Amino acid sequence: HPKKRLTRCRRRVSTPEIHIGNSPLSMLEVPMSGIRDQGPAHPAYADPMTKATLGRSWHIVTLAVAVVALVLQLILILAGQNVIDASAAASRGEAVRRFASYFTIQSNFLVAVSMVFIVRGRTESQLFRVVRLASLVGISVTGVVAAVALPPSPNYTTANLLCDRLLHIVVPVLSLVGWLVFGPRGFVRRADLLPTLIWPVVWLGATLGLGPFVSWYPYPFLNVPTIGLGRALANSAGVAVLFLALAGLALFADGRLPGA
């Protein structure tokens, strides 16, 4: 009978159910927005991973450039070439000591060390924070002083000029841009400021203290026999004030720049 067939069909056709927890829901009761294809993820969700990858690559490049510049300059020193002054060292050992006495060399070395910390993800210790802040400020001082008071020597060979530009321009720019764009930031604390100042103060004291005994100063603006002790001390005070100001500025900006 037609009515009986229609009743049987109605009984057989049922709305599929979706069980969420212990409560069955009809498919018709589920909002279509819940099962609609959401499409690709918003680019903002992928941005942190992309930025982290770019940042790690940037820090690796900074590390590589600093190491290459340091090693190449040391090779040139051992080969008998001079860095800034025209006086030849008395021995190879003295040449290496002079090489290691440059603020530029030490600041680039600290940059390389801080990059190793960052690339390896070892950024939790105070040692990293102090090295990072000292390297950042030191390499900034290197760039500023080189631009203002240390033009390239006319006696440079092509290789020495390349090292000079890498150590005084390229590494400072890579370090500063890397810190501003990729960080890491938000780690430095006020208690890290004084330990950061130990290195430049010791460097200045050692440079002025050893100068009379070895008859050599790494930079013209510290050369006591040439410019006098008073002017050398004034220049040292200027470098110390610049370092302190940049360290305070970096400390202030570290936790306030976007992404910190």
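This structure is a prediction, so every number in the text was calculated from the model and none was measured. Counting from 1, the numbers follow the sequence of the chain as shown.
- Taking the six-membered ring where the residue is Trp, the centroids of W203 and F243 are separated by 6.0 Å or more.
- Here CG of L162 is found 4.5 Å from CG of L166. Values are rounded to the nearest 0.5 Å.
- Just one of D164, T142, I139 meets the side-chain contact (heavy atoms from CB on, under 4.5 Å) condition when paired with T104; it is T142.
- Within the 4.5 Å cutoff, no side-chain heavy atoms of T226 are placed close to those of P220.
- Between F182 and H59, the ring planes are perpendicular. Angles over 60° get that label, and only those under 30° would be called parallel.
- Nearest heavy-atom pair, S135 versus S114, reported as atom, atom and distance to 0.1 Å: OG-OG, 3.4 Å.
- The aromatic ring centroids of F99 and W216 lie 6.0 Å or more from each other.
- Nearest heavy-atom pair across L208 and S236 is CD1-OG, 3.6 Å.
- From R129, atom CZ reaches atom CZ of F117 across 11.5 Å, with rounding to the nearest 0.5 Å.
- No chain of hydrophobic side-chain contacts below 4.5 Å, direct or via other Ile, Leu, Val, Met, Phe, Trp or Tyr residues, connects I227 to L222.
- When every heavy atom of P218 is checked against every heavy atom of T207, the shortest pair comes out as CD-CG2, 3.4 Å.
- Expressed to the nearest 0.5 Å, how far CG of L136 lies from OG of S107 amounts to 11.0 Å.
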